[in-house]
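Below: the structure, in structure tokens.
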Amino acid sequence: METKFNETIQQKKKRGPRPGWQERLPIKPVLVAALIVLLLAVLVLINRPTATVLSGAELDVIRSTGVLRVGVDADLAGMYQNGAGYERSVAEGLSTLIFGSTEGLSLVEVDRYSAPWRMNDGELDLVLMSMQEFPQEAFARSEAPFFTDRCVILAYESFDTLAGKTVAVLESTPSETLLYHYLDTVEPELVVRPAADYYSMRVQLRAGTVDAVCLPRTVAASWHESRTRILDFQIGKIPYYAIAKKDSVLLELCNEVFYDWQRDGTFTEWGRAFGVDWGTNG
């Protein structure tokens with residue numbers, strides 16, 4: 001004999017999973033969260049100097065010699081002036097990663113003319129400078145710049161427009177590329193006068209044969225005299241790269257640490273310390 005109590009018990013025993021229970025499980029949020037964690041882990045691994053890079057054969061050779069030879073621009077305000085600056089700090093950071101200290105670091109002052117052949121002759125392992133690349137195909141630059149400088153107009157007199165003005169610029173440089181781009185896109189009446197070296201640009205400016213010169217701000221700050229002034233024109237930005245042999249593991253190491261130093265604020269701290277806040281790092 002079944003009672004209402006027995007009927008209730010039987011109904012509860014027969015009750016199974018509710019229809020559509022699978023759809024109510026938080027599967028998608030869990031999967032999304034797992035993918036985000038995995039992506040962050042991959043990014044951390046990618047953007048940190050890996051054990052593979054730091055234990056490569058090329059770095060073993062450098063460690064065996066006990067010296068990391070880095071070429072730097074000579075006498076540029078904030079970059080490498082009086083033995084201190086951005087380039088020195090970057091080189092010291094790389095030396096610390098490779099040797100564990102800066103004792104094995106050798107800084108060699110070079111310019112845009114001597115750097116390529118000194119690298120080609122095996123006198124340098126790495127060069128830090130504003131050149132986009134070396135003319136030889138055997139060399140390459142880091143993908144990430146360690147500093148991005150403003151290209152500026154330096155003159156004795158202020159003017160509001162570059163229309164009809166003659167501006168000297170160092171030929172075959174990022175500054176020349178930016179100035180011609182400004183000519184093509186902003187001011188078609190600008191007159192660009194390429195120069196072979198900085199000295200001739202300075203002579204032309206002092207003699208009044210050009211109205212102004214176009215330079216990276218670090219160079220303009222080094223040139224600055226009591227009468228000269230940096231004019232407010234948006235010409236563009238010049239990246240400063242590390243340059244080494246095309247297959248050098250040093251370039252891979254530079255790319256990784258440049259990203260890290262930008263993210264953790266190291267570049268910003270160096271910029272403030274050496275008076276180069278006008279640039280944008282990385």
Side-chain angles (χ1 to χ4, degrees), residues 38-63 67-73 76 78-80 85-102 104-108 110 112 115-116 118-120 122 124-149 174 177 216 218 236-271 274 276 279-282:
L38 179 61
L39 179 60
L40 290 175
V42 170
L43 289 175
V44 168
L45 290 174
I46 290 176
N47 290 296
R48 292 183 61 83
T50 63
T52 303
V53 174
L54 291 173
S55 62
E58 181 183 354
L59 294 188
D60 287 343
V61 172
I62 292 175
R63 290 189 186 101
V67 180
L68 175 66
R69 303 162 301 173
V70 180
V72 295
D73 270 337
L76 282 187
M79 303 309 288
Y80 185 75
Y86 229 77
E87 293 171 354
R88 183 185 191 98
S89 291
V90 171
E92 287 179 343
L94 294 171
S95 176
T96 300
L97 283 171
I98 295 172
F99 297 119
S101 70
T102 61
L105 177 62
S106 174
L107 294 175
V108 182
V110 295
R112 62 190 296 265
R118 296 191 72 169
M119 177 76 82
N120 197 43
L124 302 170
D125 301 305
L126 191 73
V127 171
L128 301 171
M129 60 194 312
S130 61
M131 290 181 69
Q132 297 282 55
E133 57 191 13
F134 284 174
Q136 295 93 341
E137 294 183 357
F139 301 99
R141 60 174 173 81
S142 58
E143 295 177 1
F146 65 88
F147 183 70
T148 305
D149 201 4
T177 301
T218 50
K237 293 180 179 178
I238 300 169
Y240 284 53
Y241 292 104
I243 304 175
K245 291 181 180 179
K246 183 171 290 186
D247 298 325
S248 173
V249 72
L250 287 171
L251 291 177
E252 185 178 348
L253 179 63
C254 287
N255 284 325
E256 294 183 356
V257 298
F258 290 170
Y259 283 124
D260 280 348
W261 287 339
Q262 181 189 358
R263 189 172 57 251
D264 67 15
T266 299
F267 277 142
T268 301
E269 292 177 4
W270 286 343
F274 302 122
V276 288
T280 302
N281 312 116

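What you are looking at is a predicted structure, and each value in this text was computed from that prediction instead of being measured. Count residues from 1 along the sequence.
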Open item on the list: Given 3.5 Å as the limit, does a donor-acceptor pair link the side chain of S106 with the main chain of V67, or not?
Closed with: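 Between the backbone of V67 and the side chain of S106 there is no qualifying donor-acceptor contact (under 3.5 Å).
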TODO: Taking side chain to side chain contact (heavy atoms under 4.5 Å, CB included) as the test, write out the residues that go with S248, two or more places apart.
DONE: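 S248 satisfies side chain to side chain contact (heavy atoms under 4.5 Å, CB included) with E58, A244, K245, L250 only.
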Might you point out which heavy atoms bring [X] and [Y] nearest each other, and give the distance in Å?
| X | Y | result |
| --- | --- | --- |
| L128 | E87 | O-OE2, 3.4 Å |
| M79 | V276 | SD-CG1, 4.4 Å |
| I238 | P216 | CD1-CG, 3.6 Å |

Nearest 0.5 Å please: distance from the [atom1] atom of [X] over to the [atom2] atom of [Y].
| X | Y | atom1 | atom2 | value |
| --- | --- | --- | --- | --- |
| F147 | Q262 | CZ | CD | 12.0 Å |
| L251 | L126 | CG | CG | 7.0 Å |
| N255 | D260 | CG | CG | 11.0 Å |
| F139 | L124 | CZ | CG | 9.5 Å |
| W261 | W270 | CH2 | CH2 | 4.5 Å |

Holding to side-chain hydrogen bond (donor to acceptor under 3.5 Å, both in side chains), I want the full list of residues that pass it with [X], two or more places apart in sequence or in another chain.
| X | value |
| --- | --- |
| D125 | R69 |
| R118 | E123 |
| S89 | none |
| D247 | none |

Contacts under 3.5 angstrom, residues 91-102 side chains, donor-acceptor by atom type, not counting sequence neighbours:
residue	atom	partner	partner atom	Å
E92	OE2	R88	NE	3.1
S95	OG	S101	O	2.8
T96	OG1	E92	O	2.8
S101	OG	E103	N	3.4

Open item on the list: Just so I know, are the side chains of L253 and V257 near enough to count as touching, which here means a heavy-atom distance under 4.5 Å?
Closed with: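 Heavy-atom side-chain distance check passes, below 4.5 Å.
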TODO: Using a 4.5 Å cut-off on heavy atoms from C-beta on, say whether the side chain of F267 contacts that of F146.
DONE: yes
- [ ] Would you tell me whether T218 and Y86 have side-chain atoms, one donor and one acceptor, within less than 3.5 Å of each other?
- [x] no
TODO: Applying side chain to side chain contact (heavy atoms under 4.5 Å, CB included), run through E143 and F258 and close with a yes or a no.
DONE: CA-CA 9 Å; E143 295 177 1; F258 290 170; over 6 Å; no
Task: ring pair (Phe, Tyr, Trp, His ring centres under 6.0 Å) partners for Y241, two or more places apart - done: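 Y241 satisfies ring pair (Phe, Tyr, Trp, His ring centres under 6.0 Å) with no residue once adjacent residues are dropped.
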